[in-house]
Engineer: 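Have a look at this one before I ask anything.
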Amino acid sequence: MRRPPVPAQAGRWALAHWTGLAVALLVIAAAVFRTVLDRRFAAPVVLCDEFIYANLAKNLAQHGRYLFRGAPAHQSYLYPLLLAPAWFAHSMSTTYALAKGITASAMALTPIPVYLWARRLVTPIHALLAAALTLLLPALFYSGLLMTEGAFLPAFVLAVFAIAVALERPTLFHQLAALAAIVLAVSIRVQGIVLLLVIPTAVVAKAVLDFRAGESRDRLLAELRRLWPTAVLLAGGLVVYVAYKQIQGAPLATGLGEYQGLAQAHYPLVATARWALKHLAELVLAVGFVPVSALVVLLWLGVRGAVTTNAERAFLATVTASMLWVLVEVGAFAATVTPTVFERYTFYLEPLLITAFVIWLARGMPRPVVGTLIAVTAPVLLVRTLNFPAVVIADAINGITMDSLYKFSLSLPGGLEELKWAVAAGALIGAFLFAVCVRPVAHVALPLLLGAYLVAASKPVFDDTAAGSTITRAAAGPDASWIEQAIGRGKHVLYLNTPPGASASMTLLETEFWNRNVSAVYNLGPGEICNLPETSPAIDVDTGQIKAPGAKANVYAVASKRFLFPGDQIAVGGPSEYPLGLYRIKPPLRVGWTADGVTPDGWIGATGSYSVFGSAESERPIKVLVAVGRTGWSGPDVPGKVRIVVGKPAGSGKFAKVYGMRRWVVHSLAQRTFAFDVRPPVRVDVHVQPTFSPSQFGGPDTRQLGAQVSFSYAALKSHR
């Protein structure tokens, strides 16, 4: 017998596996589409995650170590490693494009585990539908951000899929694969550690569903015994970890790296449950109601014993356990750290809900009376618990769906009040199609409407983030890589972080990102918007000389052009409102002035200070201007007594000589400027009592604030 021609064999194989090939094409197309679309993101925009991972990737490429400004940092192991090859590119514009492309390509892999999982449960065409709907999720806009979200989404879905397969067929290989997938997810994002709790919870849920499906007790026990390798590895891993930390003499929470503080916090049970329900309600909105309703019906059928396939019971057990622990984890964070609804931390569950929706479709859209009633009413009741004015806000990064709903509310005459009715109308249409409409119509209409809803929700968050990136890109100035272009990549540069203000901090982050030779940051007073590693050097109170390790080894420094800095100016850059200069240092390294106790937005607490240093070459008289006020506070007036002391510094916060003192009482929306004619070195101390906190009057800011303070000085003409 003659063998069929190779093209004919290939054609038959392609025809038999056309849905798998279609998914592969979808993944490639999505990666290319997102990479091209993400070109609209002009610069990193998320404070401060993008800058952290970019800096880690840069140090991995340059030194092979997880460092941030020379300090060890382990916020993620795998994601910076994925980005690192981009930093071998010649220009930073190419590096940034490659880094976004890597993230987009990683995130585009998500439909693969979705398809493979759905393929075990439904027909190939329905599995393809699940993969396609996954690519429409608005959260895929994270592909343009240098954040772990892009790589963690496919890793999380893969891990949950692997756990389900291990429950369905608990062979040694499948159990090891599930644990390996969890390790992969945790290596990208520490949040993945919650998957270790998913395993035992899913095992119990699967046993309940198996029992309700009619499995005998002996078979259930036999299946549970087959999971002994997982139990041994989890228990053994815990013992080894505890012993290792005991040998180190370190707390157990140190294994969480930058997040160890969260493990030591106290999490109130009631508040955690309340915020978990709020995040579940937001998840209902994020996926358009119907996928959550579909999962409820499937669970109802499972508990009633109507789910007959082992794979479907494993799916339901794993998805339910994943949702439980992710929502508890995020609810605890919101209850303790930041009282906000974060879709950013829950959107990993959305592909699981999409898959549940497709399974419900493929099963013929079952509509058990009681189960369907619960499925359409419970999500609506959950959404009604949300306080729309509080949660529907313009925050594309943390609240994807809420940001889109906020933009939609702006087009409504009644704003947020009318938005409630619009959401109710959408829920009513979904409920009708889900529970009442004839199945042939609903089978087509529901996927189409869900896809349209996801696409419509995608545009506002993408546009908002792209617009924000344009603003942050402007903080680097017209030519962002001006330092590299001036002296090349091989020469190390110090960045002297001096003036207070959010714009100055953003300029620092953007300048550091776009110029790979900025190797260290010296904090000379105000600090940054983000709590990032900086060198805080000692400064001579008379001359301003910097005393810090490595200060003498550097030849170049970047500082504000308004900053009195001894050195030869080589180039200028930065934004017009905060121009920077690149200087060749004239040893010893010293500075002209510093500010202490001033936050990036200009506020001080009870005290703030400003120092202007002298030198042997220049000690001309200067006029120091001190502006004190509360123009940024329009709330209830809390009068503050202001005392300004000006004198010659003597170290340790003391004065060798006091030149002058002024007193004033500051009120809401008031401001006053004080002038002093002095000769450097000089220090200005501003004291305000009492302070106040906006949180006393219902505001979100919990800081104790005294006044907004700005300092400046100008040389006076000398008189002979």
Side-chain angles (χ1 to χ4, degrees), residues 15-24 26 110-137 157 160-161 164-165 167-169 206 209-210 212-213 287-320 322-323 349-369 371-372 374-376 379 430-454:
L15 187 62
H17 299 85
W18 74 271
T19 53
L21 293 173
V23 170
L26 280 176
T110 308
I112 294 178
V114 169
Y115 172 80
L116 293 175
W117 198 355
R119 187 65 186 85
R120 303 173 72 90
L121 301 160
V122 297
T123 62
I125 190 65
H126 282 98
L128 177 60
L129 174 62
L133 287 174
T134 299
L135 285 175
L136 298 181
L137 290 172
V157 177
V160 179
F161 168 43
V165 173
L167 293 183
E168 177 190 346
R169 299 179 60 191
K206 173 69 160 46
L209 292 174
D210 286 344
R212 296 298 298 171
V287 295
F289 283 89
V290 175
V292 175
S293 298
L295 179 62
V296 172
V297 167
L298 293 177
L299 281 171
W300 174 264
L301 293 174
V303 171
R304 299 287 292 177
V307 175
T308 56
T309 68
N310 189 32
E312 194 169 327
R313 294 194 294 273
F315 170 84
L316 291 174
T318 311
V319 170
T320 304
S322 300
M323 291 186 64
L349 299 170
E350 292 171 12
L352 311 185
L353 292 170
I354 294 293
T355 306
F357 167 67
V358 171
I359 294 171
W360 177 77
L361 283 178
R363 287 201 62 185
M365 304 172 62
R367 294 168 172 171
V369 177
T372 301
I374 296 172
V376 296
F432 170 76
L433 291 171
F434 184 86
V436 179
C437 182
V438 293
R439 286 181 173 82
V441 174
H443 195 278
V444 176
L446 281 173
L448 290 177
L449 289 175
L450 178 59
Y453 174 78
L454 296 177

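Heavy atoms only: backbone and side chains are in, while hydrogens, waters and symmetry mates are out. Values in this document were obtained by computation on a predicted structure and should not be read as measured data.
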Engineer: Measuring from Thr372:OG1 to Met365:CE, what's the distance to the nearest 0.5 Å?
Structural biologist: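 So the OG1 of Thr372 and the CE of Met365 are separated by 10.0 Å.
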Engineer: Do Leu353 and Met323 come close enough that some side-chain heavy atom pair is under 4.5 Å?
Structural biologist: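 A side-chain contact exists here, since the closest heavy-atom pair is under 4.5 Å.
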Engineer: A quick test of your reading: do over 12 heavy atoms of other residues, nucleotides or ligands sit less than 6.0 Å from CZ of Arg439?
Structural biologist: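 More than 12 heavy atoms, drawn from other residues, nucleotides or ligands, come within 6.0 Å of this atom.
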Engineer: For Ala356 versus Ala294, what's the shortest heavy-atom pair and its separation?
Structural biologist: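 The pair with the smallest heavy-atom distance is O-CB, 4.0 Å.
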Engineer: Might you point out which heavy atoms bring Ala317 and Lys206 nearest each other, and give the distance in Å?
Structural biologist: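 Where Ala317 meets Lys206 most closely, the heavy atoms are CB-N, 3.4 Å.
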Engineer: Taking the side chain as C-beta and beyond, is there a heavy-atom pair between Phe357 and Val287 under 4.5 Å?
Structural biologist: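 Contact flag for Phe357/Val287 side chains = no.
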Engineer: Hey, what do you get for OG1 (Thr110) to CG (Leu137), rounding to the nearest 0.5 Å?
Structural biologist: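 Interatomic distance, Thr110 OG1 to Leu137 CG, rounded to 0.5 Å: 8.5 Å.
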Engineer: Should Val297 and Phe434 count as side-chain neighbours, where that means a heavy-atom distance under 4.5 Å?
Structural biologist: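 Counting from C-beta outward, Val297 and Phe434 do come under 4.5 Å.
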Engineer: Rounded to the nearest 0.5 Å, what's the gap from OG1 on Thr318 to CZ on Arg313? Could you check?
Structural biologist: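 The distance works out to 12.5 Å.
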Engineer: Testing Val157, Leu135, Leu352 one by one against Val114 for a side chain to side chain contact (heavy atoms under 4.5 Å, CB included), which residue passes?
Structural biologist: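 Single pass found, and it is Val157.
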Engineer: Can you confirm whether Arg169 is buried at CZ, in the sense that more than 12 heavy atoms of other residues, nucleotides or ligands lie under 6.0 Å from that atom?
Structural biologist: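 Atom CZ in Arg169 is not crowded, with 12 or fewer foreign heavy atoms closer than 6.0 Å.
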Engineer: Would you find a donor on one side and an acceptor on the other, under 3.5 Å apart, between the side chain of Trp360 and the backbone of Pro366?
Structural biologist: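 Judged by distance alone, yes, a pair lies under 3.5 Å.
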Engineer: For a quick test of reading the model, state the closest non-hydrogen atom pair linking Pro447 to Leu361 and the distance between them.
Structural biologist: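 Taking Pro447 first and Leu361 second, the nearest heavy atoms are CG-CD1, 3.6 Å.
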Engineer: Looking only at side-chain N and O atoms, does Thr134 offer a donor or acceptor that is under 3.5 Å from a partner on Tyr115?
Structural biologist: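 Thr134 and Tyr115 do not have a side-chain donor-acceptor pair below 3.5 Å.
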Engineer: What pair of heavy atoms forms the shortest contact from Ala442 to Cys437, and how long is it?
Structural biologist: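 So the two residues come closest at N-SG, 4.1 Å.
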Engineer: To the nearest 0.5 Å, how far apart are CD1 in Ile354 and CG in Leu450?
Structural biologist: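 Ile354 atom CD1 to Leu450 atom CG measures 5.0 Å (nearest 0.5 Å).
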Engineer: Using the side chain to side chain contact (heavy atoms under 4.5 Å, CB included) definition, which of the options Val376, Leu301, Ile374 pairs with Val296?
Structural biologist: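 Result: among Val376, Leu301, Ile374, Ile374 is the only option passing the side chain to side chain contact (heavy atoms under 4.5 Å, CB included) with Val296.
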Engineer: Evaluate the side-chain proximity of Leu116 to Arg120: yes if any heavy-atom separation is below 4.5 Å, no if none is.
Structural biologist: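 Result no, sub-4.5 Å side-chain heavy-atom pair not found.
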Engineer: What is the distance from atom CG of Leu26 to atom OG1 of Thr19, rounded to the nearest 0.5 Å?
Structural biologist: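 These two atoms lie 11.0 Å from each other.
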Engineer: Between His126 and Leu121, is the side-chain contact (heavy atoms from CB on, under 4.5 Å) condition met? List the steps.
Structural biologist: CA-CA 9 Å; His126 282 98; Leu121 301 160; over 6 Å; no
Engineer: Looking only at heavy atoms, which two atoms of Val122 and Ala362 are closest? And how far apart?
Structural biologist: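 Shortest heavy-atom contact: CG1-CB, 3.4 Å.
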Engineer: One pair to check against side-chain contact (heavy atoms from CB on, under 4.5 Å): Leu167 and Asn310. What are the steps and the verdict?
Structural biologist: CA-CA 9 Å; Leu167 293 183; Asn310 189 32; over 6 Å; no
Engineer: Out of curiosity, Leu295 CG to Phe315 CZ, how far, rounded to the nearest 0.5 Å?
Structural biologist: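 One finds 6.5 Å between CG of Leu295 and CZ of Phe315.
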Engineer: Under 4.5 Å between any side-chain heavy atoms of Trp117 and Val319, yes or no?
Structural biologist: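 Yes, at least one pair of side-chain atoms sits under 4.5 Å.
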